[in-house]
Amino acid sequence: MLYQLSEVDHLLDEGAGLFVRYSAGFASDLEEGSFDAESGLALPGLPAHPLDPEAWWTLPRVEWVARQLSRLPAPRHAPQDGSRPERFAWLLRGRGVGHAPDGEVLVAEVEVVGRLAECLIDQADRVWGARFDAELGRRETELVSVAHA
């Protein structure tokens, strides 16, 4: 379990290919398989969000990481009603093999790195919110999510 944003930042020093995924975990993902819900087609990897900053990002790397973690899917805030398995954010390393229909990177050759504690995501929300117009970004993310619903 990772508890601090700085822990995620240090993992980026170990090499490229670090991603975050929000799901019921790797074991559940393996059991269910990776499919596009709309078409039913099998995906060649797990959809995940990259934590490696883009080459154009000239601000501190930890702020990129905070932004990526702050934009995890809204269901992480949804109450657990028992109808779905617990979902949580977790880190993985792997090789990008394409893109999912919603733009996430499809990751193959997955190595589980660790689960993110909710306090770490809260810290990312605070870092991003203090530095940038996080509310604008959240509204844009919600508009995209609604458009794809």
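Position 1 is the first residue of the sequence; numbering continues from there.
Glu111 and Arg93 are not joined by a salt bridge, as no carboxylate oxygen comes within less than 4.0 angstrom of a charged side-chain nitrogen. With respect to the salt-bridge test (charged N to carboxylate O, under 4.0 angstrom), the residues Arg67 and Asp125 do not qualify.
Here the side chains of Ser28 and Ser23 are not in contact, with every heavy-atom distance at 4.5 Å or above. With a 4.5 Å cut-off on side-chain heavy atoms, Asp13 and Arg61 count as touching. For the pair Arg95 and Val97, the minimum side-chain heavy-atom distance is below 4.5 Å. Residues Val110 and Phe26 have side chains in contact (heavy-atom distance under 4.5 Å, counting atoms from C-beta outward). In this structure the side chain of Gln123 never reaches within 4.5 angstrom of the side chain of Leu69, judged on heavy atoms. Side-chain contact between Arg115 and Leu2 is absent, with no heavy-atom pair separated by less than 4.5 Å. Using a 4.5 Å cut-off on side-chain heavy atoms (C-beta onward), Phe88 and Ile121 make no contact. With contacts defined as side-chain heavy-atom distances shorter than 4.5 Å, the pair Arg71/His49 does not qualify.
Looking only at atom types and distance, the side chain of Asp9 has no donor-acceptor partner in the side chain of Ser6 under 3.5 Å away.
Leu59 is connected to Trp64 through a chain of hydrophobic side-chain contacts under 4.5 Å among Ile, Leu, Val, Met, Phe, Trp and Tyr, so both are in one cluster. Placement of Leu91 and Leu5 within a single hydrophobic cluster is found when ILVMFWY residues are connected by side-chain heavy-atom separations under 4.5 Å, directly or transitively. A continuous path of hydrophobic side-chain contacts links Phe19 to Leu30 [ILVMFWY only; heavy atoms under 4.5 Å]. Linking ILVMFWY side-chain heavy atoms closer than 4.5 Å, directly or via other members, places Val127 and Leu116 in a single hydrophobic cluster.
Across Asp52 and Gly15, no two heavy atoms sit closer than the pair OD1-O, 4.2 Å. Taking every heavy atom of both residues into account, Gly94 and Val107 meet most closely at CA-CG1, 3.6 Å. Closest approach of Ser34 to Pro47, counting heavy atoms only: OG-CD, 3.6 Å.
Test Leu51, Leu18, Val8, Val20 against Val113 for side-chain contact (heavy atoms from CB on, under 4.5 Å) and you get one pass: Leu18.
Between the side chain of Asp36 and the backbone N or O of Leu41 there is no donor-acceptor pair closer than 3.5 Å. Between the Arg21 side chain and the Leu46 main chain, no donor and acceptor come within less than 3.5 Å of each other. Checked by atom type and distance alone, the side chain of Glu86 never pairs as donor or acceptor with a backbone atom of Ala24 at under 3.5 Å. With Glu7 contributing its side chain and Tyr3 its backbone, the two residues share a donor-acceptor pair below 3.5 Å. In this structure, Ser70 contributes its side chain and Trp128 its backbone to no donor-acceptor pair below 3.5 Å.
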Are Leu106 and His99 close enough, and set up right, to give a side chain to side chain contact (heavy atoms under 4.5 Å, CB included), and what steps lead you there?
CA-CA 5 Å; Leu106 293 172; His99 290 86; 5.6 Å; no
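Remark: Glu63 CD to Gln68 CD distance equals 13.0 Å, nearest 0.5 Å.
Classification of the Phe132-Trp57 ring pair by plane angle, with boundaries at 30° and 60°, yields tilted.
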